[in-house]
Amino acid sequence: MTLASPSRVAVVDVARCLALLGILVNHLVGGLASAVLWDVHAVLFAVLVGVGAQLGWSAHRRGSTARAGLVRAGALAVVGLTLADLGTRAAIVLVPLAVVTVVVTWAVRRTTRVLLGVTTSVALLAPLVAHLGRRGLAGRWLPDVGWSDLLDPSHALSTASFATSYPAVLWTAYGLLGVLAARASLPDGDRPARPAALALAGLCLVLVGRVGSILALVLTRRTALLEAERRAAVEASSLPDDVDRLTLVGAYLPSTPSLLVSGGLALLVLAGVIALCRRPRVRESALVRGAADLGSMTLSAYTLHVLLLPGTERVLEAHPGLGPWWLWAAHVTIIAVVLLTWRRTLPSPLSSGPLEWATRRAVAAVTPRSGRSPAPGPPRRPA
């Protein structure tokens, strides 16, 4: 099926919405639900940064200039630094995503051969670089970086690069993977989407990461580490930050096998979304249309979710027996009502979402008027 560029973005928006819902589960529910999700919800966001950048570039959009990419990265960084200073239970992912945005802005202008080489190099070397960088921090780690942390710029930079839950030097690999996935398997001109090829690529990454980890441990006679890996997964605990864990697989684990497994799982989810949205009844359903609308405003939705967390803590103190899924449902309902009402009552371009609208205004301010514009296309459709 051939899709115009606006429709391609809608598929990405549905996937973004799923990633957002997963992040809410991780923050509010935890336990078995978080274990099942692994880290795929957050990884999917990083992959979609690369997918969106490539789709924007290949569609010759006016907003795909290098300056526009830097403005988007700046917006993510400003919001991320601000949310981190709130001190909520959430480890804010936006600053690492800002770094990913800068990298993919550069990557979409490179050949696939160069991009493959860079992606492979990052996946192989970044975990070791991050490990060495964390040793230099001597245990002074932070879950994220806020404005207050910039009082010590070198420590803040090292923390954001190597030591948060989303070390930027590693997570750039996910953005680069998204660029490659968009080039190979998403629609481009007369070429239809290829969800089966995308799923096969994802499955291969998962198998290479998992089997490669086991083989490395067998060859080095360290198979006892597999039990430590299993125990950490079951107990949701951390492994010691030593060289051994560079060969293990785990959620948010900064290792090459984990990069491959988590990146592959994210591609499988994206392939599933594309395949489902090819069905007319699914594509035209109110649920999918609503998911696409909400997914187009994920920066605003994520920010609103984090702003709701302090109030959520007070609710839990007053009602300790309240189930976590009720909290999740309350967050989803509030976010959906606020943002979908915003989208459907305000005129364009305000309807794109408050933070998205502000970012686009900033992008328009730095984009030359003679920049490339998208070809006319049909209304956006989530398939």
Point-to-point distance, once rounded to the nearest 0.5 Å, from [atom1] of [X] to [atom2] of [Y]:
X    : Y    : atom1 : atom2 : value
L83  : T88  : CG    : OG1   : 7.5 Å
L304 : L339 : CG    : CG    : 6.0 Å
T298 : L97  : OG1   : CG    : 9.5 Å
S351 : L346 : OG    : CG    : 7.0 Å
L28  : T312 : CG    : OG1   : 6.0 Å
R16  : L299 : CZ    : CG    : 10.5 Å

Measuring only between side-chain heavy atoms, which start at C-beta, is [X] closer than 4.5 Å to [Y]?
X    : Y    : result
D149 : T159 : no
V93  : T164 : no
P195 : R278 : yes
R134 : P254 : yes
Y174 : S262 : yes
L170 : V129 : no
F45  : H41  : no
L70  : T105 : no

Taking the side chain from [X] and the backbone from [Y], do they hold a donor-acceptor pair closer than 3.5 Å?
X    : Y    : result
R89  : H27  : yes
D293 : R343 : no
Y166 : V95  : no
S213 : T247 : yes
E229 : V249 : yes
T111 : V114 : yes
T172 : V169 : yes

Write down the atom of [X], the atom of [Y], and the distance for their closest heavy-atom approach.
X    : Y    : result
L294 : C17  : CD2-SG, 4.1 Å
L55  : A182 : CD2-CB, 4.4 Å
W38  : L265 : CD1-CD1, 4.3 Å
G209 : P257 : O-CB, 3.5 Å
T359 : A75  : OG1-CB, 3.6 Å
D144 : I92  : OD2-N, 2.9 Å

State yes or no: do [X] and [Y] share one hydrophobic cluster built from I, L, V, M, F, W and Y residues joined by side-chain heavy-atom distances below 4.5 Å, directly or via other members?
X    : Y    : result
L259 : L128 : no
L150 : L86  : no
W171 : L157 : no
V78  : V100 : no
L340 : L18  : yes

If we ignore angles and hydrogens, is there a donor and acceptor under 3.5 Å between the side chains of [X] and [Y]?
X    : Y    : result
R222 : T220 : yes
E356 : S296 : no
T82  : W147 : yes
S255 : S258 : yes

Show your reasoning for whether side chain to side chain donor-acceptor pair (under 3.5 Å) applies to R183 and T112.
CA-CA 8 Å; R183 288 185 181 182; T112 299; 3.1 Å; yes

Please report the C-alpha distance between L248 and L217 in whole Å, then the side-chain angles of each, then the deciding distance to 0.1 Å, and finally whether the side-chain contact (heavy atoms from CB on, under 4.5 Å) criterion is met.
CA-CA 8 Å; L248 301 180; L217 294 173; 3.7 Å; yes

Could you walk me through whether L260 and V206 pass side-chain contact (heavy atoms from CB on, under 4.5 Å), step by step?
CA-CA 6 Å; L260 296 175; V206 172; over 6 Å; no

Between D241 and R245, does any NZ, NE, NH1 or NH2 come within less than 4.0 Å of an OD or OE carboxylate oxygen?
yes

Report the C-alpha distance between E317 and R314 in whole Å, list the side-chain angles of each, state the deciding distance to 0.1 Å, and finish with yes or no for salt bridge (charged side-chain N to carboxylate O under 4.0 Å, His left out).
CA-CA 5 Å; E317 291 175 2; R314 290 192 291 272; over 6 Å; no

Run the side-chain contact (heavy atoms from CB on, under 4.5 Å) test on L276 and V14 for me, step by step, so that the C-alpha distance in whole Å, both residues' side-chain angles and the decisive distance to 0.1 Å come before the verdict.
CA-CA 11 Å; L276 283 175; V14 174; over 6 Å; no

Assess whether atom CH2 of W326 is packed by more than 12 heavy atoms of other residues, nucleotides or ligands within 6.0 Å.
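Incorrect, the count does not exceed 12.
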
As a quick check of understanding, evaluate side-chain contact (heavy atoms from CB on, under 4.5 Å) for T256 and L246, giving each step before the final call.
CA-CA 7 Å; T256 296; L246 294 178; over 6 Å; no

